[in-house]
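To keep things clear, I will list the structure first and then write my remarks on it.
All residue numbers refer to positions in the sequence shown, counting from 1.
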Amino acid sequence: LLGLAVSAFAQTTQTQATVARVTGTATVTQADGTTTALTAGMKVAQGATITTGADGDVYLESHAGYVTSIKGDSVVTVDEISVVSEGGQVKEERTMLDLKSGNLVAKLDPKKKSVNNYQVRTPKGVAAARGTVFTVMFKGQKYSVAVVNGTVAIAPAQLPRRAGPLADLRVVEFAGI
């Protein structure tokens, strides 16, 4: 009798974020260079860059329970939004945002801590969090991270994307790394 072995392999599926709310001026530049005004309900794909005016505020939902508020005078590129599944089970929900300048606030569902892989990269470092509320600001050479609750790991910008954290921080603010 010949038996069949079934093995599950992890599969990564690229997904898109949804714009939940927009106030003020905000645009999205797609990877192909086309720029349009952002509106609630729009889908935002990997490679897109969101730019907010001084009066702008964009609420972006990358996965159910992960809301990022991109504040005024900010530029953020969506580097990765994906789901890793194995055997029909979600193993990881990835969000990687590149904060070129400005400020964003992230609120991550603490019930999804085990699958959450949420990172904000700046030229000065990477902030990674699971199930928390935190803010990242980068303007000029000033970089700060503030944690409302939970823990955020900080790593220098020179480390590879998936390298371990430099430190786990509950509350931190500094002018440079």
Side-chain angles (χ1 to χ4, degrees), residues 4-21 40-50 57-71 74 76-100 102-138 143-174 177:
L4 295 176
V6 177
S7 66
F9 294 98
Q11 178 181 355
T12 302
T13 305
Q14 184 176 329
T15 59
Q16 295 183 336
T18 302
V19 177
R21 185 174 88 183
M42 284 181 81
K43 297 293 184 185
V44 178
Q46 286 183 191
T49 299
I50 295 171
D57 195 2
V58 173
Y59 284 72
L60 189 69
E61 187 172 32
S62 55
H63 300 281
Y66 308 171
V67 178
T68 304
S69 174
I70 302 169
K71 300 302 185 184
S74 296
V76 177
T77 297
V78 177
D79 278 353
E80 180 179 7
I81 300 176
S82 63
V83 175
V84 178
S85 56
E86 186 176 316
Q89 296 260 340
V90 173
K91 297 294 183 186
E92 185 177 30
E93 293 178 330
R94 296 178 185 161
T95 301
M96 169 66 90
L97 302 176
D98 188 352
L99 179 63
K100 307 284 187 193
N103 186 22
L104 64 76
V105 178
K107 183 176 181 183
L108 311 174
D109 185 349
K111 294 179 200 136
K112 297 178 85 177
K113 220 185 241 192
S114 65
V115 298
N116 183 328
N117 182 352
Y118 184 99
Q119 299 180 28
V120 177
R121 181 177 43 212
T122 74
K124 291 287 189 174
V126 178
R130 294 179 185 266
T132 189
V133 177
F134 72 105
T135 183
V136 179
M137 187 274 301
F138 180 74
Y143 171 66
S144 67
V145 176
V147 182
V148 175
N149 88 32
T151 302
V152 173
I154 306 294
Q158 308 83 287
L159 290 178
R161 278 182 160 194
R162 305 248 186 254
L166 173 66
D168 284 335
L169 304 167
R170 297 223 179 266
V171 178
V172 63
E173 189 159 337
F174 46 87
I177 293 180

| query | Just how far is it from atom CG of D98 to atom NZ of K100, taken to the nearest 0.5 Å? | reply | 3.5 Å

| query | If you round to the nearest 0.5 Å, how far is CG of L97 from CD1 of I70? | reply | 6.5 Å

| message | Does K107, at its NZ atom, have more than 12 non-hydrogen atoms belonging to other residues, nucleotides or ligands within less than 6.0 Å? | response | no

| request: Please report the C-alpha distance between V115 and H63 in whole Å, then the side-chain angles of each, then the deciding distance to 0.1 Å, and finally whether the side-chain contact (heavy atoms from CB on, under 4.5 Å) criterion is met. | output: CA-CA 11 Å; V115 298; H63 300 281; over 6 Å; no

| said: Contact between K43 and T18 at the side-chain level, heavy atoms closer than 4.5 Å - yes or no? | reply: yes

| query | Nearest heavy-atom pair of A48 and V44: which atoms, and what distance? | reply | CB-CG1, 3.7 Å

| Between atom OG of S62 and atom CE of M96, what is the distance when rounded to the nearest 0.5 Å? | 12.5 Å

| field | Euclidean distance, E93 CD relative to S114 OG, rounded to 0.5 Å | value | 9.0 Å

| What is the distance from atom NZ of K111 to atom CG of N116, rounded to the nearest 0.5 Å? | 14.0 Å

| said: Which heavy atom of A10 sits nearest to which heavy atom of E86, and what is that distance? | reply: CB-OE1, 3.8 Å

| Heavy-atom pair with the smallest gap, counting every atom of V136 and A127 | CG2-CB, 4.1 Å

| What's the spacing between F138 CZ and L104 CG if we round to 0.5 Å? | 13.0 Å

| said: Given 3.5 Å as the limit, does a donor-acceptor pair link the side chain of Q46 with the main chain of I81, or not? | reply: yes

| query | What are the two closest non-hydrogen atoms of Y66 and L108, and how far apart are they? | reply | CB-CD2, 4.0 Å

| request: For K91 and S85, test the side chains for any donor-to-acceptor distance below 3.5 angstrom and give the result as yes or no. | output: no

| request: For residues A40 and A20, report the shortest heavy-atom separation together with the two atoms involved. | output: CB-O, 3.8 Å

| query | How about Y118 and T68: does a side-chain donor come under 3.5 Å of a side-chain acceptor? | reply | yes

| Considering the options V58, V76, N103, which one meets the side-chain contact (heavy atoms from CB on, under 4.5 Å) requirement together with K71? | N103

